[in-house]
Number of protein chains: 2
Amino acid sequence: MNQTARPAQEPASAPAHDRVYRTLRTRIMHGEITPGVALTLRGIGGEFGVSMTPAREAVRRLAAEGALFLSSSGRVTTPELTNERIEELAALRALLEVELASRALPRAHMALIDRLQTINSNVAEMVSKRDAVGYIRTNLEFHRTLYLRAQAPAMLAMAETVWLQLGPTMRALYGRLRRTDPPQNHRLIIAALKAGDEPGLRLAVRSDVTQGLRLLAG
Amino acid sequence: MNQTARPAQEPASAPAHDRVYRTLRTRIMHGEITPGVALTLRGIGGEFGVSMTPAREAVRRLAAEGALFLSSSGRVTTPELTNERIEELAALRALLEVELASRALPRAHMALIDRLQTINSNVAEMVSKRDAVGYIRTNLEFHRTLYLRAQAPAMLAMAETVWLQLGPTMRALYGRLRRTDPPQNHRLIIAALKAGDEPGLRLAVRSDVTQGLRLLAG
DNA sequence: CATCCGGTCATGTGATCACAAATCCTGGCG
DNA sequence: CGCCAGGATTTGTGATCACATGACCGGATG
């Protein structure tokens, strides 16, 4: 019971299980946890200064979203994805995110495009610094910023679930990635947004989403 | 402690929280719970003869899947969907299920089509009997049987999540439905499967998925 | 008669404990 | 040297309890 200090971000309501859940979630989504490692409820509880009960809730919630794998005996690990599963999740990303981008297009004002360009420069910086976690984080921020304009919360939530499942593997993907080229597809996305070119946007998003995963599963 | 009798389906391993989860899940998916009603952890625990702990886990898991709504104070109710949300979920169904059907098409042998026709006659029977829950159950069984052939478990899981969110509202939808016509779109789906007609299949699935929800949100 | 305030009750949260099962380590046997 | 058995330990599960908070119902007051 030492972590009672408010992390300067939680205004008032911060149930313990929710704090644990959110922290673990972003960790997994950003690829900060390598696939296959085992987590223990007591360990998590100890790290966050809480008992097993909130730790268990957070873990089960993440398992329900596919972010963690529960063995038959209840042991919890971060999942190791098969190639088929990776391809399937990539197809899901394509399906969902193309639709989200398409819905965001008519609402994409100049202010949004500016923000996307700013984020994109951050992405490029992360690539040049070879910061894997930073790259994943800013890359997802780029996509989320665009999709928020689609006004489709359920669809966005599903896309985030897919990101979550891909998180640990994305990190491994980045490790194999030897290039330092800036995100070309992101520029195509921005260009299509500016031009109001829906087919071009769909194609650009599909390429951006598919390319990385392709080489991992190849 | 009345339901201690094994439901004749659980061989040995039946963790309490999992039993509670599965039971509540099918109840919700089949529309047996009307939207807006409140559930209590102690109430659920009492019904299943378990303590609050497994009940809480089951509820949180369902909430993570969007099947239940948690108020800010932790109160749990089955969600009441807005029209926008319903339209969005219908669009998700169309997106996911068209893809699933398309992937199932090349693997659809005659035995599968026979099974689909059998299930479809059950659907028709439920419609004629005005059995809302039975209709929803057999209708979902029809779709699931087809999509299982797609060999895409992650995609199927997402589709089921959408069904889950739509469950309580589907029941209300059926209440407004005055017709007793047999499922026309199901026959179109079967015909397209027989003919190996992919565009026709996509169209038929999209229509089947969209038509019902359209009149509810209209 | 509406409104606001009071307390009582129900409900979720989280800690702790007992228990069973799975895992792991170790020592002995082939 | 490899393999298996057996016990110690770790780990998840579920029950119970104390506590805080929000809901609900009552009456008193304007």
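Letters A, B, ... mirror the listed sequences (proteins, then strands); counts begin at 1. Not measured: the values here are computed from a predicted model.
Among the protein residues, A/L70 comes within range of no part of the nucleic acid, since none of its heavy atoms lies under 4.0 Å from any strand. Residue contacts shown for B/I44 are absent, as no nucleic acid heavy atom lies under 4.0 Å away.
Counting to the nearest Å, the P atom of D/dT13 and the OH atom of B/Y21 are 15 Å from each other. Regarding A/D18, its CG atom lies at a distance of 10 Å from the P atom of C/dT13, rounded to whole Å. With rounding to whole Å, B/E57 atom CD is found 15 Å from C/dG12 atom C1'. The CZ atom of A/F48 sits 13 Å away from the P atom of C/dG14 (whole-angstrom rounding). We find that NE2 of B/H17 is positioned 9 Å from C1' of D/dG14, with the value rounded to whole Å. Across the protein-nucleic acid pair, B/L41 atom CG and C/dG12 atom P stand 4 Å apart, rounded to whole Å.
For the pair A/T23 (side chain) and A/R19 (backbone), a donor-acceptor distance under 3.5 Å is present.
If you check C/dT13, C/dT23, D/dG22 against the side chain of B/S73, the one that comes closest is D/dG22. Out of D/dT13, D/dG14, C/dA15, the shortest distance to the side chain of B/P54 is found at D/dG14. Closest to the A/V50 side chain, of the nucleotides D/dG14, C/dA15, D/dG12, is C/dA15. Checked against C/dT13, C/dA22, D/dA15, the side chain of B/R60 finds its nearest nucleotide in C/dT13. With C/dA18, D/dT16, C/dG12 as the choices, the nucleotide that has an atom nearest any side-chain atom of B/T53 turns out to be D/dT16. If you check D/dT13, C/dT11, C/dT23 against the side chain of A/R75, the one that comes closest is C/dT23.
Defined by atom type and a distance below 3.5 Å, a donor-acceptor pair is present between the side-chain atoms of A/H143 and A/Y147. With 3.5 Å as the limit, one finds no donor-acceptor pair spanning the side chains of A/E125 and A/Y135.
Judged by atom type and distance alone, A/R42 reaches the base of D/dG12 through a side-chain donor-acceptor pair under 3.5 Å. For A/R56 and D/dG14, a side-chain-to-base donor-acceptor distance below 3.5 Å is present, hydrogens and geometry of angles not being considered.
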(request) Report the C-alpha distance between B/D18 and B/R25 in whole Å, list the side-chain angles of each, state the deciding distance to 0.1 Å, and finish with yes or no for salt bridge (Lys or Arg N to Asp or Glu O under 4.0 Å). (result) CA-CA 10 Å; B/D18 217 53; B/R25 182 177 201 267; over 6 Å; no
(request) Take B/V20 and B/E57, measure what side chain to side chain contact (heavy atoms under 4.5 Å, CB included) needs, and give me the verdict at the end. (result) CA-CA 9 Å; B/V20 177; B/E57 287 198 42; over 6 Å; no
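Overall bending of the helix from C/dC1-D/dG30 to C/dG30-D/dC1, expressed as the angle between end axes built from five pairs apiece, is 30° (10° steps).
Residue B/M52 is the one, among A/S71 and B/M52, whose nearest nucleotide of DNA chain C lies closer to the 5' end (criterion: closest heavy atom).
At a threshold of 4.0 Å, the pair A/E99-A/R103 counts as salt-bridged, since one of the basic side-chain nitrogens sits closer than that to a carboxylate oxygen. Between B/R93 and B/E87 there is no salt bridge, since no side-chain N of the basic residue sits under 4.0 Å from a carboxylate O of the acidic one.
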